[in-house]
Each structure stands twice: as structure tokens, then as C-alpha cells.
Amino acid sequence: MQINAIPREWLYPGSLEVATKLQLQLAQQVITTDQLPDNIQYIAGMDVSSNWRDPKQIIYATCVVLDAKTLRVVTSASAHMQQKFPYIPGFLGFREAPALVEAFAQLSLKPDLILVDGHGISHPRKLGIASHIGVLLDIPTIGVAKSILIGKPAGTLDLAADATMPLLWQEQTIAMLLRSKNRCNPLIIATGHKIALPTAVKLVKSYLRGYRLPEPTRQAHLAANAYRRKLHD
DNA sequence: GCGACAG
DNA sequence: ATCTTGTCGC
């Protein structure tokens, strides 16, 4: 399935430009090159919560900002809107990005880096939601996914915590599997925007605090759920 | 042709 | 993606 085959009414304004811009920035290596500030002071986590049995299909997006030193949430913002684009594997960004961008716009404090719940360039068109958000906001992002979309592990991932293994697709390493917690299934860490894969993995590791998910994404998930339940559902 | 398929 | 207590394993 191609973006051209998508009904116009599903797309938000600028949808097609994002795909074009991503291809351009990939060629320029803007996507995969570290362009982080000297001191990363604030990190954001983004996630969306929704209820598949909700006939109105409301999407609840939350962006939390944590202090890089303490990994404590310092501020957050949320936004909700009706889903215009259904969930289709490979097109998650088109469904969730509008709500996430709106939540981000309401933040009083802008982060230096964003961890997004989902894939980065480990995607059929290298346009996973993390890269999608990175291109839209022009901020470094890392994709933190919980399962594989495309590709195959280079081998058998060691059971020990902290073990990593490349995720291969068409002879290329598109992401790294990371056993973030002892007996848990690995996370898939990928370049989102303006960051190299080794850097992304190193940073994600530093944000782990005994849970499978790194703090930014974990807190975003909790906050998005709380937001949805508060807006009664 | 068949299976796989982020959240 | 969400619902939901107890329960099995390290």
C-alpha cells in the first residue's frame, strides 16, 4: 500500500510533504547524523492512548517532559481529537502525529530530544512515527518500539539484560534490539531524526530505570492513559 | 500465492 | 491500542 492510495479525507494538511521531506533529509543524512545539543537537559516522551471500542474513535495524545538528570517529569501537555486516519501498519504516524503535535505545541518547555512510542526508520518507507514526528517538529527523536514491523534479528538475542542485536532488513541494520529488562522481550530502538543509531541505543539505556520501557516513554504511556480516563471513557 | 503486519 | 486478578517464574 502506498501513500498515494490513501483517501484524501484521511490525511492532515501537509501529509504528503512529510514523506517527501523525509526522503530528502535521508539523502542528506540529516536523519541519521547526531545533531544533539551539547547538554541534553530535557527529554520528552510521547504516546497515544485510545479505546478501540469507542465508536467515536477519539485519540488521546500526551507529551511529557523529564529532567535529563533526575528523569522526573517536570511538565506535560495533552490533546485529544477524533481519529481521521484508521490504524494501518506502516501508517501509524498519519493517524497519531496530528494529536501529538498539538500536545507538543502546548508545552511550556521544549525538550532537546524526544522518545516516541513506535518505530523510527525501521519502517517500510523509513517513515516510522518517530521519524515522522522528528521531521514535523525538527527535533531529534528516537523510536522505541515494542515489536518488530519489518526485518529479522541478526541472530538469537542473549537473555541477559542489556544485550543488543541488530535488526536486519535488505542487508542493512535498521534498528537495534535491546533487552531492556531481564526476562522481557526486547525493545526495538531506531533512529528517529537527527541521531545515529549507536547514540540512540546509548541514550535509551541511560533512561532505563528497572522497567521494560525507558522513563520518557513509560511516563508518557501512563500520562496518556490517565488523560483518557479523566476525559471520561 | 501466502504470510506478516508499530499502535 | 485496552480490559483485569491472580499467578507463575526468576
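Geometrically, Arg218(A) engages Tyr211(A) in a cation-pi contact defined by less than 6.0 Å to the ring centre and at most 45° from the axis. Remark: Lys110(A) qualifies as a cation-pi partner of Phe104(A) under the 6.0 Å distance and 45° angle criteria applied to the six-membered ring.
Below 30°, between 30° and 60°, or above 60°: for Phe94(A) and His132(A) the angle between ring planes is above 60°, a perpendicular geometry.
Taking CD1 of Ile133(A) as the reference point, atom CD of Glu96(A) lies at 8.5 Å (rounded to 0.5 Å).
As judged by a 4.0 angstrom heavy-atom cut-off over every strand, His132(A) is placed among residues making no nucleic acid contact. Nucleic acid contact class of Ser122(A) (heavy atoms, under 4.0 Å, all strands): none.
The nearest whole Å value for the distance from the NZ atom in Lys230(A) to the C1' atom in dT2(C) is 19 Å.
The side-chain heavy atoms of Pro166(A) and Met176(A), taken from C-beta on, include a pair separated by under 4.5 Å. In this structure, the side chains of Leu100(A) and Ile129(A) come closer than 4.5 Å at one or more pairs of heavy atoms.
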Tabulate protein N/O versus nucleotide N/O from nucleotides 4-7 of chain B, keeping only pairs under 3.5 Å, one per line.
| from | atom 1 | to | atom 2 | distance (Å) |
| --- | --- | --- | --- | --- |
| dA6(B) | OP2 | Tyr87(A) | OH | 2.6 |
| dA6(B) | O4' | His119(A) | ND1 | 3.3 |
| dA6(B) | N7 | Gly90(A) | N | 3.0 |
| dA6(B) | N6 | Gly90(A) | O | 3.3 |
| dA6(B) | N6 | Phe91(A) | N | 3.2 |
| dA6(B) | N6 | Leu92(A) | N | 3.0 |
| dA6(B) | N6 | His123(A) | NE2 | 3.2 |
| dA6(B) | N1 | Ile129(A) | N | 3.1 |
| dA6(B) | N3 | His119(A) | N | 3.2 |
| dG7(B) | OP1 | Lys146(A) | N | 2.8 |
| dG7(B) | OP1 | Lys146(A) | NZ | 3.3 |
| dG7(B) | OP2 | Ser147(A) | OG | 3.1 |
| dG7(B) | O3' | Asp117(A) | OD1 | 3.1 |
| dG7(B) | N7 | Tyr87(A) | OH | 3.4 |

Using a cut-off of under 3.5 Å, enumerate the N/O to N/O pairs linking the protein to nucleotides 4-10 of chain C.
none

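Among Ile142(A), Asp112(A), Asp67(A), Leu71(A), the single residue meeting the side-chain contact (heavy atoms from CB on, under 4.5 Å) criterion with Ile43(A) is Leu71(A).
When only modelled atom types and interatomic distance are considered, Arg212(A) and Thr217(A) share no side-chain donor-acceptor pair under 3.5 Å.
Look at Asn51(A) and you won't find any side-chain N or O under 4.0 angstrom from OP1 or OP2 of dC3(C).
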